[in-house]
K.L.:
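Here it is: the structure, laid out below.
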Amino acid sequence: MKSLSLFVLFATALGSAAAQQTATIPLWPGSPPGGAAPGPQRETGKGSITQVAQPYLIVHRAAQPNGTAVLLISGGGYAHIEEGKESGPAAAWLQSQGISAFELVYRLPQEGGGVTAPFQDGQRAMRLIRAHASEWHIDPARIGILGFSAGGHLAGMTAARPAALLYAPVDSSDAVSARPDFAVLLYPVLTMQKPYDTTHAKKELLGSHPTRAERDAMSVELQVTSRMPPTFLAQAEDDPISPPENSRLMHDALRKAGVPVKLHMFQQGGHGWGVGKPGSEPAVWPQLFLEWVRGEGFLP
């Protein structure tokens, strides 16, 4: 994946009569800013990805797209990417609802691109989707972002700081907004503040002894302004990885800023439930999301 000239090729293929095809497109027209892992990319049998040498989008177009799209970001503590358990199944479900899905395979901060790399990739992914919305039969005003766990941190930072100058523009796609129209954060890691700074994501991003300024800069709830898009939060009270206060702090920050927000706290469910195990409390989140996103006006 060396050039975005492949985009036209893939878009043409996806425009054929065959339903629910998938394509892979690179984020950057050459080497990504700041560098990347030396590669080759590694992927386990269960879909856990590391050593991302060239970040990319996995594009899933529904048979009858309704104009809404979602950028999906898996977690993995910024040490790996749980594509097989999180964004992959979510993409298939979104397709079944007529929603176009884009899985982001992003650079990990300790693999060559530095701490800024995943956030550069998040911005670039949003801009690519919006810049080529007409080719995907997407409404450019109905593009959301959905993150799981540490992917929720990346999604939250992208939603809260879409105009942050993280890289020099590389082509015309960088002239459009990186702001998602709605955000969905599931069992998210959001704060880097004590005593909730026990996550692997915090370790990968900030190390063992960050300064107060470094903690603040990476705490999503402290980046919230009135420009943040409407946000849906869901987490379990018994989450052993990401303290439930992550979602509560974010909910409070959004309400204070006057941003529409919906919070669902499940009594049981743990962490890493993806689309939800049948019969579990979190298994209702997809339906709750559909009701919410339709109520917010982003789904026909």
K.L.:
Run the salt-bridge test on Asp174 and Arg124 with the 4.0 Å N-O cut-off and return the result as yes or no.
P.N.:
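Yes, charged N to carboxylate O under 4.0 Å.
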K.L.:
Output yes when Asp171 and Arg127 qualify as a salt bridge under the 4.0 Å nitrogen-oxygen rule, no when they do not.
P.N.:
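Looking at Arg127 together with Asp171, the answer is no, because their closest N to O distance does not fall below 4.0 Å.
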K.L.:
Taking ring-ring contact (aromatic ring centres under 6.0 Å, His included) as the criterion, tell me which of Tyr167, Tyr106, Tyr56 meets it with Trp28.
P.N.:
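Considering Tyr167, Tyr106, Tyr56, a ring-ring contact (aromatic ring centres under 6.0 Å, His included) with Trp28 is found only for Tyr167.
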K.L.:
Linking I/L/V/M/F/W/Y whenever any side-chain heavy atoms sit under 4.5 Å apart, do Ile138 and Phe182 land together?
P.N.:
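Each belongs to a different hydrophobic cluster.
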K.L.:
Using a distance-only test with no angle check, is there a side-chain donor-acceptor pair under 3.5 angstrom linking Thr68 and Arg142?
P.N.:
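The criterion, which ignores hydrogens and geometry beyond distance, is satisfied for Arg142 and Thr68.
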K.L.:
Are Leu94 and Leu104 connected into the same hydrophobic cluster when the rule is that any two of I, L, V, M, F, W, Y join if their side-chain heavy atoms are below 4.5 Å apart?
P.N.:
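No; Leu94 is not reachable from Leu104 via cluster members.
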K.L.:
If Ile, Leu, Val, Met, Phe, Trp and Tyr residues are connected whenever their side-chain heavy atoms lie under 4.5 Å apart, and connections chain through other members, are Leu146 and Leu185 in the same group?
P.N.:
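Unlinked, Leu146 and Leu185 end up in two clusters.
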K.L.:
I need the full list of salt bridge (Lys or Arg N to Asp or Glu O under 4.0 Å) pairs touching residues 290-300, with sequence neighbours left out, sorted by first then second residue.
P.N.:
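Matches after skipping sequence neighbours: none remain.
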K.L.:
Verify whether one side chain among Gln120 and Arg107 offers a donor that lies under 3.5 Å from an acceptor in the other.
P.N.:
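Distance-only check passes for Gln120 and Arg107.
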K.L.:
About how many Å separate CD of Glu281 and CH2 of Trp273, when rounded to the nearest 0.5 Å?
P.N.:
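One finds 10.0 Å between CH2 of Trp273 and CD of Glu281.
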K.L.:
Can you name the nearest heavy-atom pair linking Pro65 to Ser100, along with the distance?
P.N.:
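Closest heavy-atom pair between Pro65 and Ser100: CB-OG, 4.1 Å.
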K.L.:
Given side chains that start at C-beta, do those of Met218 and Lys202 come closer than 4.5 Å, heavy atoms only?
P.N.:
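Contact flag for Met218/Lys202 side chains = no.
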K.L.:
Under 3.5 Å, side chain of Thr225 to main-chain N/O of Gln223, donor-acceptor pair present?
P.N.:
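Pair absent, no side-chain N/O of Thr225 close to backbone of Gln223.
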K.L.:
Is a donor on one side and an acceptor on the other found under 3.5 Å between the side chain of Glu214 and the backbone of Thr211?
P.N.:
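Indeed, once roles are kept as given, a pair shorter than 3.5 Å links the two residues.
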K.L.:
Would you call Pro32 and Gln54 a side-chain contact if the rule is heavy atoms closer than 4.5 Å?
P.N.:
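Yes; the side chains approach each other to less than 4.5 Å.
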K.L.:
Please tabulate, one pair per line, all N/O donor-acceptor pairs under 3.5 Å involving side-chain atoms of residues 70-82, not counting sequence neighbours.
P.N.:
residue, atom, partner, partner atom, Å
Ser74, OG, Glu82, O, 3.3
Ser74, OG, Ser87, N, 3.0
Ser74, OG, Ser87, OG, 2.8
Tyr78, OH, His153, ND1, 2.9
Tyr78, OH, Leu154, N, 3.3
His80, ND1, Ser48, OG, 3.0

K.L.:
Counting N and O atoms only, with roles assigned by atom type, does the side chain of Trp285 sit under 3.5 Å from a partner on the main chain of Gly274, one being a donor and the other an acceptor?
P.N.:
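Judged by distance alone, yes, a pair lies under 3.5 Å.
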K.L.:
Taking all atoms of both residues into account, what is the closest heavy-atom pair of Pro188 and Ser247, and its distance?
P.N.:
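Smallest heavy-atom distance, with atoms named: CD-OG, 3.5 Å.
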K.L.:
Does some side-chain heavy atom of Ser242 sit less than 4.5 Å from a side-chain heavy atom of Gln235?
P.N.:
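When only atoms from C-beta onward are counted, Ser242 and Gln235 do touch, with a gap below 4.5 Å.
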K.L.:
Give the intermediate values and the outcome of side-chain contact (heavy atoms from CB on, under 4.5 Å) for residues His60 and Ile58.
P.N.:
CA-CA 7 Å; His60 305 261; Ile58 305 171; 3.4 Å; yes
K.L.:
Any chain of hydrophobic side-chain contacts (each under 4.5 Å) joining Leu222 to Val224?
P.N.:
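No, Leu222 and Val224 fall in different hydrophobic clusters.
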K.L.:
Would you please test Phe102 and Leu128 for side-chain contact (heavy atoms from CB on, under 4.5 Å) and show each step?
P.N.:
CA-CA 11 Å; Phe102 297 77; Leu128 273 183; over 6 Å; no
K.L.:
So, are Arg212 and Asp216 salt-bridged, with charged N and O less than 4.0 Å apart?
P.N.:
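Yes.
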K.L.:
Nearest 0.5 angstrom please: Gln268 CD to Ser280 OG, how far?
P.N.:
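Output value for this atom pair is 10.0 Å.
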K.L.:
side-chain contact (heavy atoms from CB on, under 4.5 Å) between Thr191 and Glu245: does it pass, once the steps are laid out?
P.N.:
CA-CA 9 Å; Thr191 189; Glu245 285 77 11; over 6 Å; no
K.L.:
How many angstroms lie between atom CD of Gln193 and atom CZ of Arg215, to the nearest 0.5 angstrom?
P.N.:
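That separation rounds to 7.0 Å.
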K.L.:
Can you tell me how far the CE atom of Met265 sits from the CG atom of Leu233, to the nearest 0.5 Å?
P.N.:
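With rounding to 0.5 Å, CE (Met265) is 9.0 Å from CG (Leu233).
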K.L.:
Using side chain to side chain donor-acceptor pair (under 3.5 Å), reason through His271 and Ser149 one step at a time and then give a plain yes or no.
P.N.:
CA-CA 8 Å; His271 190 83; Ser149 191; 2.9 Å; yes
K.L.:
Same cluster or not: Phe148 versus Val293, using hydrophobic residues (I, L, V, M, F, W, Y) connected whenever any side-chain heavy atoms lie under 4.5 Å apart?
P.N.:
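Yes, one cluster joins them.
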K.L.:
Got a second to check how far Lys85's NZ is from Lys46's NZ, nearest 0.5 Å?
P.N.:
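Going from the NZ atom of Lys85 to the NZ atom of Lys46 covers 5.5 Å.
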K.L.:
Would you say that Glu111 contacts Thr50 through its side chain, given a criterion of any heavy-atom pair below 4.5 Å between the two side chains?
P.N.:
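With C-beta onward as the side chain, the pair touches.
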K.L.:
Side-chain atoms of residues 255-263: list all donor-acceptor pairs with protein atoms under 3.5 Å, sequence neighbours left out, distances to 0.1 Å.
P.N.:
none

K.L.:
Does a side-chain N-to-carboxylate-O contact under 4.0 Å join Glu221 and Arg248?
P.N.:
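Salt bridge: no.
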K.L.:
Could you tell me whether the side chain of Val105 reaches within less than 4.5 Å of the side chain of Gln41, counting heavy atoms only?
P.N.:
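The answer is yes, as the side chains (C-beta and beyond) meet within the 4.5 Å cut-off.
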K.L.:
Over 60° means perpendicular and under 30° means parallel, so tell me whether Phe289 and Phe232 are parallel, tilted or perpendicular.
P.N.:
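Aromatic pair Phe289/Phe232 classed perpendicular.
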K.L.:
Hey, mind stepping through Glu86 and Tyr187 against side-chain contact (heavy atoms from CB on, under 4.5 Å) and telling me if it holds?
P.N.:
CA-CA 12 Å; Glu86 294 178 334; Tyr187 47 93; 2.6 Å; yes
K.L.:
If you compare all heavy atoms of Thr198 against all heavy atoms of Pro243, which two are closest, and at what distance to 0.1 Å?
P.N.:
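Smallest interatomic distance, heavy atoms only, reads OG1-CG, 4.3 Å.
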K.L.:
Which atoms form the tightest heavy-atom contact between Pro210 and Gly207, and what is the distance?
P.N.:
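Where Pro210 meets Gly207 most closely, the heavy atoms are CD-O, 3.9 Å.
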K.L.:
Work out which heavy atom in Ser177 is nearest to a heavy atom in Arg130; give both atom names and the distance.
P.N.:
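In this case the closest contact between Ser177 and Arg130 is O-NH1, 2.8 Å.
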K.L.:
About how many Å separate CG of Leu57 and OG1 of Thr22, when rounded to the nearest 0.5 Å?
P.N.:
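Separation between the atoms: 13.0 Å.
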K.L.:
Is the backbone N or O of Leu190 less than 3.5 Å from a side-chain atom of Asn246, with the two atoms forming a donor-acceptor pair by type?
P.N.:
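Present.
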